[in-house]
Amino acid sequence: MMYMRFNDRIWSMMRKIPKGKVTSYKELAMSLNCNAYRAVGNACRNNPYAPEVPCHRVVKSNGDIGGFGGEMDGKKVEEKKRLLKKEGVTVKNGKVVDFEKILFKFK
DNA sequence: TCACTATATCAGC
DNA sequence: GCTGATATAGTGA
């Protein structure tokens, strides 16, 4: 399979996300290919790295937290929210406050 | 090729 | 505003 270049790229990009900021799957996808939103999420799910690649700083394009650890029901999602809050990102009702302001764009 | 995925977008209500 | 269906890109089997 052509190696995992996409995943590798995704991880590299996420690694650059500064603390206190977030990005969206869409932004990541757009920076690499264009519409591989799902592929980005896939990369995160297959993320072999843990704290090195802050996958919890990646949220949906509308500011929603999305999922985490493969659980979309909750459970780990609250952990994600907690992590973001701890890093300075305000999360309310499962959504990032001032999402556009703290959105980190690659370019 | 088929099925899966931490999404995005549109239609219907 | 919310729910469901569809589109799209990539990986694994």
Side-chain angles (χ1 to χ4, degrees):
Chain A
M1 322 249 156
M2 321 192 165
Y3 305 100
M4 306 204 266
R5 55 187 167 188
F6 272 87
N7 289 30
D8 195 40
R9 231 149 272 205
I10 294 287
W11 299 326
S12 297
M13 299 274 263
M14 292 200 299
R15 226 173 174 175
K16 297 174 193 166
I17 305 174
K19 174 183 162 191
K21 292 217 170 186
V22 294
T23 192
S24 65
Y25 299 97
K26 189 181 177 184
E27 289 298 322
L28 281 165
M30 280 173 105
S31 299
L32 294 176
N33 199 352
C34 231
N35 305 334
Y37 318 118
R38 301 243 191 162
V40 178
N42 245 340
C44 291
R45 199 197 182 275
N46 280 293
N47 178 12
Y49 308 93
E52 288 187 51
V53 179
C55 27
H56 59 271
R57 288 184 197 149
V58 186
V59 296
K60 289 201 186 182
S61 63
N62 67 328
D64 196 23
I65 292 299
F68 194 57
E71 303 285 334
M72 297 169 83
D73 252 17
K75 304 178 181 178
K76 298 197 177 181
V77 177
E78 56 183 278
E79 286 282 325
K80 183 173 182 177
K81 291 197 242 173
R82 205 184 65 186
L83 283 168
L84 289 171
K85 279 187 176 183
K86 194 178 178 183
E87 294 185 352
V89 180
T90 309
V91 181
K92 191 171 184 177
N93 294 327
K95 300 208 173 176
V96 179
V97 180
D98 295 324
F99 173 64
E100 301 178 31
K101 296 175 186 175
I102 61 175
L103 176 62
F104 181 76
K105 297 176 184 174
F106 304 92
K107 214 161 183 190

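Here the structure is a predicted model, which means the values were calculated and not measured. Lettering of chains follows the sequences in order, A, B, ..., and the numbering in each one begins at 1. Values below: all heavy atoms of this structure, side chains included; hydrogens, waters and symmetry mates excluded.
As a whole-Å value, the separation of Asn42(A) CG from dG10(C) P is 11 Å. Atom CZ of Phe6(A) is separated from atom C1' of dC4(B) by 18 Å (rounded to the nearest Å). Atom OH in Tyr37(A) sits about 13 Å away from atom C1' in dT6(C), given to the nearest Å. Straight-line distance from the CG atom of Leu28(A) to the C1' atom of dG10(C): 15 Å, rounded to whole Å. One can place CG of Asn47(A) at 15 Å from P of dT11(C), the figure rounded to the nearest angstrom. One can place CZ of Arg45(A) at 12 Å from P of dG12(C), the figure rounded to the nearest angstrom. In this structure, Met30(A) atom CE and dT8(C) atom P are separated by 15 Å, rounded to whole Å. What separates CZ of Arg5(A) from C1' of dA9(C) is a distance of 12 Å, to the nearest Å.
One N or O on the side chain of Arg57(A) and one on the backbone of Ile17(A) form a donor-acceptor pair closer than 3.5 Å. Under the 3.5 Å distance criterion, the side-chain polar atoms of Lys80(A) are matched with a main-chain donor or acceptor of Ile65(A).
Remark on DNA chain B: of its neighbouring residues Gly41(A) and Lys26(A), the 5'-side contact belongs to Gly41(A), judged by nearest-heavy-atom nucleotide.
For Asn35(A) against dT8(C), no side-chain N or O and base N or O form a donor-acceptor pair under 3.5 Å.
Checking dA6(B), dT9(B), dA9(C) against the side-chain heavy atoms of Ala39(A) singles out dA9(C) as nearest.
Pairing for dA9(C) is with dT5(B), a Watson-Crick or G-U wobble pair whose two hydrogen-bonding atom distances lie under 3.5 Å.
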request  = Would you please test Glu79(A) and His56(A) for side chain to side chain donor-acceptor pair (under 3.5 Å) and show each step?
outcome  = CA-CA 9 Å; Glu79(A) 286 282 325; His56(A) 59 271; over 6 Å; no
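Among the protein residues, Ala36(A) comes within range of the sugar-phosphate backbone only, with heavy atoms under 4.0 Å from sugar or phosphate atoms but none that close to a base.
Environment of CZ in Phe106(A): crowded, with over 12 heavy atoms of neighbouring residues, nucleotides or ligands closer than 6.0 Å.
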